[in-house]
Amino acid sequence: MVFAAPGEALTRAEELLGADPSPLHASVAHQVIGIWQRDFGDTRRALAHLRRARDLAARAESAEREADVLATLGVALVHAGRTRAGLAAFERGVARGSGHTRARVLFRRAYVWWVLGRHGEALEDVRRAIPVLRQADDVIWTARALTLRATVHLALGSVERADADFTAAEALWDTTGQEHDKADAVESRGLAAFRSGDVPAALRLLDEAAERYAKLGTPTFMLTIRRCEVLMAAGLATEALAEADAAVAALDGIGGQSTRKAELLLVAARAARLAGEPQTALARAAVAVRLFAGQRRTWYETHARLVLIEARVATGPGSGRLVADAAAVAERLAAFGAPAAPEASLLAGRIALDLGWTADAERHLAVAARSRHGGPPLARMTGWAAQALRARAAGSARGVLEACRRGLDVLDDHRMTLGASELRARATAQGAELAALAQRASLVSGGPRRLLGWSERWRATVLSAPPTRPPADPVLLTAMTAFRELAARAEEARTDGGRPAPALEREQRRLEREIRSRTLHMRGEAPGDGDRFDVGRLLRRLGDEVRLVELAVLDGRVHVLLCGQGRVRRFEAGLLAEAEVEAEHVQAGLRRLAHPGAEARLPLVEAAGARLERLLLGPAAAHLGSGPVVVVPPGRLHRVPWALLPALRERVLSVSPSASSWLRARDTAPPPGGRQVLVRGPGLASGGAEVPELSDRYAGRRTPSEGGTGAPPPGARTGGGTAGPGATVVLEGGDARVPRVLRELDGAALAHIAAHGTFRADSPLFSSLRMADGPLIVHDFERLDRSPYRIILPCCDTARFASVGADELLGLVTALLPLGTAGVVACTAPVNDAAVVPLMLALHKGLDAGLSLAEALRDARAALPGDAVHQATGWAFSAFGAA
């Protein structure tokens with residue numbers, strides 16, 4: 001019962017002790033309390049109760065009872081970090097017990113061997129225990145033993161054997177009422193899914209296990225460790241670090257198991273390293289190494305030493321000592337049969353290469369490269385990275401490119417198993433090194449065309465295929481509706497009283513976590529991206545007039561790849577770090593110019609634009625020709641207002657996350673019928689003043705919203721339905737509610753959405769547009785069958801993005817592009833609301849005349865008054881895509 005219903009078991013054990021039981025029964029009660037304290041409470045109290053249980057069993061002269069308690073005491077001692085005493089307790093337990101009892105003792109010793117990382121001994125003890133438990137028809141303990149054996153197989157990389165044992169154990173659990181063990185079985189299946197490379201299934205199963213544990217009221221430190229491992233594999237290292245640190249604090253708060261604390265610190269160290277916090281990784285790993293060494297857990301200590309060496313490499317220069325340490329760790333891990341051994345060999349080889357020790361590097365890299373032929377995707381990636389470094393050391397550019405291609409193909413396949421766009425974007429970080437190696441090799445040996453091909457190979461890949469549509473999940477839909485209602489109530493409370501509503505905001509954050517969690521569970525539908533970038537096709541589509549400027553960053557310097565007139569030329573520009581600083585200065589200047597009275601800053605902003613041009617375009621600025629220009633910047637330059645650069649100021653200018661996405665947008669056909677949707681959200685400073693004027697302009701094509709006036713055109717449907725082909729729909733006031741807005745946007749030719757935009761740097765897919773009933777978030781847009789062909793977003797910050805992964809952008813605009821939108825006009829900075837109105841009216845005038853978004857925006861800027869506020873407003877808007 002202590003596992004099936006721990007709270008009830010604890011209460012009944014305490015009641016039994018209060019009733020003056022016999023020594024035998026008192027021994028059972030103290031053992032139950034000891035187990036509860038060991039797993040859910042204070043380890044010191046657990047040891048006291050278990051020693052008392054042992055003494056009472058001896059007084060009762062029950063050898064079987066004493067053996068059973070000694071096994072429980074042995075587990076507690078090991079978890080407390082007293083490994084030698086724990087193993088001694090097991091020796092006495094095995095000697096005292098017989099038959100069925102001894103089999104249970106052997107199972108628990110096998111568990112301890114697993115905790116200690118001594119997997120051979122674990123498999124031997126569980127091999128001896130399972131037949132006896134089966135013969136005794138002990139369903140619960142047989143299922144536990146099968147689960148443990150499966151977990152050991154996973155630690156050794158034997159996924160198929162683990163699956164077989166997990167399946168057998170789960171069939172047994174279905175015949176019992178052991179809810180804790182059932183939750184543990186779900187958790188174990190999540191671990192198996194992770195080891196086989198199925199990240200969405202792993203997240204779903206671990207979340208289900210967490211829900212089951214929560215109903216039992218049991219702590220979940222082991223689950224946290226496993227969840228953090230999956231989060232790191234999914235590119236969510238910062239979240240993993242936060243979860244691991246929080247679990248350490250909670251464990252310390254209850255005086256919990258020392259073994260679990262060491263494991264959590266190891267996970268935190270790995271997460272900190274992946275999150276780019278090497279000093280934090282260094283601190284966590286050093287403590288973990290000390291704890292594991294004291295606990296005699298050599299397997300785990302060796303893994304912690306690997307992270308410690310990685311952190312030292314990240315915080316200082318390499319050395320011969322670090323090469324030797326990494327090589328020693330690799331040998332130990334290989335002896336253990338640990339799947340992490342190739343990572344250590346790769347690390348040793350990489351440090352040796354940096355020191356110029358080519359012979360040593362080749363030896364270590366050759367060992368690491370063996371993993372490229374088998375195992376889960378990230379292990380094969382390690383092998384291909386080692387192979388690429390071997391080829392670079394040998395001076396073979398062809399070998400480097402082949403290894404990089406094969407490695408990125410592996411990651412492509414893995415990435416496309418992920419349904420959520422966020423996970424796809426973050427997963428690309430795993431391929432950053434391979435992409436950089438290939439770009440350097442291309443720069444040396446292949447010329448500008450090859451460099452362009454490799455620049456595109458791992459740029460904005462999240463846009464290469466639509467994200468998996470969120471499932472028709474009633475829980476998810478209910479959570480999104482509740483989130484929207486709470487967000488609207490919280491906004492209303494802030495507006496009315498000027499104070500936040502903490503209870504509403506806490507519930508809103510909880511719903512955000514639930515929505516995001518369920519979205520991350522989605523599996524990808526496409527087996528891979530077969531639409532490879534073709535430089536020749538790009539040049540044919542550009543023709544002689546259009547120029548595409550792709551900015552590639554190699555070793556911190558911007559390289560300009562100028563495409564057009566049938567060729568690709570390369571120019572060197574400035575340093576990326578200097579351009580980023582200048583871009584921030586420009587953003588600050590535009591923010592000031594959004595307010596009257598800052599006219600004196602206009603020359604300063606223009607001068608900053610000229611400096612940005614020198615840093616970003618360099619000599620390429622003189623070779624742009626006179627036609628349209630498409631700029632493809634790296635993710636870290638997404639906030640540059642490109643129209644401010646002197647060479648681009650008077651041009652037809654569009655921006656695209658990649659050349660591939662520009663080609664897809666160019667090939668996207670507009671939907672039949674040409675329905676237009678005008679939306680005006682609440683609380684705009686200008687009142688969305690352009691919307692009534694645009695409504696009047698399109699009056700001949702207008703379909704009324706509910707409560708509106710005018711007759712619908714032929715084919716239009718009213719009463720909440722979607723308007724027919726060729727209609728114009730105006731949604732404002734109470735009609736501008738998210739469900740209605742989404743219905744009308746689906747498949748529209750043009751959408752103009754005047755609504756407050758909120759960018760969420762902490763969670764970019766919760767960036768939103770404010771509607772009458774609350775926020776319209778990126779997750780809502782992902783539910784559309786087809787997003788509008790053209791979208792105009794006239795409010796502040798709608799073109800802000802979060803740069804994640806290797807070179808990916810997450811935000812409102814990038815969410816729309818894979819869903820059928822070919823062109824977006826959006827704003828990269830705060831703007832003056834009143835100045836936006838004439839810009840938008842002029843923009844629509846150009847569209848009515850048959851111009852593209854980029855052409856219409858160029859003409860609209862030219863039509864604005866010449867004062868600083870209007871000029872800054874025009875520069876803040878960009879046209880994205882190719883419509």
Side-chain angles (χ1 to χ4, degrees), residues 590 628-631 633 638-644 648-649 651-657 661-662 665-666 668 670 676-681 684 686 688-691 693-694 697 745 748-757 759 767 769 781 787-801 809 811-817 819-833 835-864 870-883:
L590 290 178
V629 173
V630 181
V631 177
H638 65 275
R639 292 201 69 192
V640 171
W642 296 97
L644 176 61
L648 303 176
R649 200 170 293 174
R651 292 180 180 276
V652 174
L653 170 67
S654 58
V655 181
S656 182
S661 63
W662 180 82
R666 187 72 180 265
T668 300
Q676 303 183 41
V677 182
L678 307 176
V679 181
R680 180 160 57 157
L684 294 168
S686 68
E690 76 275 14
V691 173
E693 291 199 40
L694 293 173
R697 180 183 296 175
L745 291 181
L750 173 67
H752 179 107
I753 308 175
H756 272 302
F759 174 70
S767 298
L769 299 170
F781 280 105
S787 60
Y789 178 69
R790 288 174 171 170
I791 297 183
I792 299 170
L793 302 171
C795 293
C796 300
D797 287 341
T798 47
R800 287 188 63 186
F801 311 102
L809 294 171
L812 189 56
V813 171
T814 52
L816 295 167
L817 293 177
L819 297 172
T821 294
V824 181
V825 168
C827 182
T828 60
V831 288
N832 183 281
D833 290 320
V836 169
V837 175
L839 180 71
M840 291 297 108
L841 293 174
L843 175 67
H844 278 269
K845 182 180 178 181
L847 295 178
D848 269 358
L851 301 180
S852 69
L853 285 171
E855 292 167 333
L857 183 59
R858 187 270 315 267
D859 291 353
R861 287 194 196 102
L864 288 174
H870 285 88
Q871 290 300 306
T873 301
W875 293 331
F877 280 88
S878 294
F880 296 87

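Of all heavy-atom pairs spanning Pro794 and Met840, the tightest one is CB-SD, 3.6 Å. For the pair Thr668 and Gly820, the tightest heavy-atom approach, listed with the atom from each and the gap, is CG2-O, 3.8 Å. Annotation for Ser656 and Ser661: closest pair OG-OG, 2.9 Å, computed over non-hydrogen atoms. Taking all atoms of both residues into account, the shortest heavy-atom contact from Leu653 to Ala854 is O-CB, 3.5 Å. Heavy-atom minimum distance, Ala860 versus Leu843: CB-N, 3.7 Å. Nearest heavy atoms, Ser787 versus Leu816: OG-O, 3.4 Å.
With a 4.5 Å cut-off on side-chain heavy atoms, Gln676 and Leu694 do not count as touching. Residues Leu817 and Pro657 form a side-chain contact, since some pair of their non-hydrogen atoms from C-beta on lies under 4.5 Å apart. Side-chain contact check for Pro633 versus Val640: every heavy-atom pair is 4.5 Å or farther apart. The side-chain heavy atoms of Leu841 and Arg697, taken from C-beta on, include a pair separated by under 4.5 Å. Counting only heavy atoms from C-beta outward, the side chains of Arg861 and Arg649 never approach each other to under 4.5 Å.
Checked by atom type, the side-chain pair Glu690/His844 shows no donor-acceptor distance below 3.5 Å.
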Quiz prompt | Test side chain to side chain contact (heavy atoms under 4.5 Å, CB included) applied to Arg858 and Leu851, step by step | solution = CA-CA 10 Å; Arg858 187 270 315 267; Leu851 301 180; over 6 Å; no
Quiz prompt | Chi angles and distances behind the side chain to side chain contact (heavy atoms under 4.5 Å, CB included) call for Leu839, Val831 | solution = CA-CA 11 Å; Leu839 180 71; Val831 288; over 6 Å; no
Quiz item: Can Ile753 and Leu745 be said to form a side chain to side chain contact (heavy atoms under 4.5 Å, CB included), step by step?
Solution: CA-CA 10 Å; Ile753 308 175; Leu745 291 181; 4.0 Å; yes
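With values rounded to the nearest 0.5 angstrom, Leu857 atom CG is found 9.5 Å from Ser852 atom OG. Of the inter-residue distances, the one linking Thr821 atom OG1 with Ile791 atom CD1 reads 4.0 Å to the nearest 0.5 angstrom. Of the inter-residue distances, the one linking Arg790 atom CZ with His752 atom NE2 reads 14.5 Å to the nearest 0.5 angstrom.
Paired with Leu853 under the rule side chain to side chain contact (heavy atoms under 4.5 Å, CB included), one option of Val652, Ile792, Val824 passes, and it is Ile792.
Between the side chain of Ser654 and the main chain of Val630, no donor-acceptor pair closer than 3.5 Å is present.
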Just distance, no hydrogens or angles: give the donor-acceptor pairs under 3.5 Å from side chains in residues 871-883, sequence neighbours left out.
residue, atom, partner, partner atom, Å
Gln871, NE2, Pro865, O, 3.2
Thr873, OG1, Val869, O, 2.8

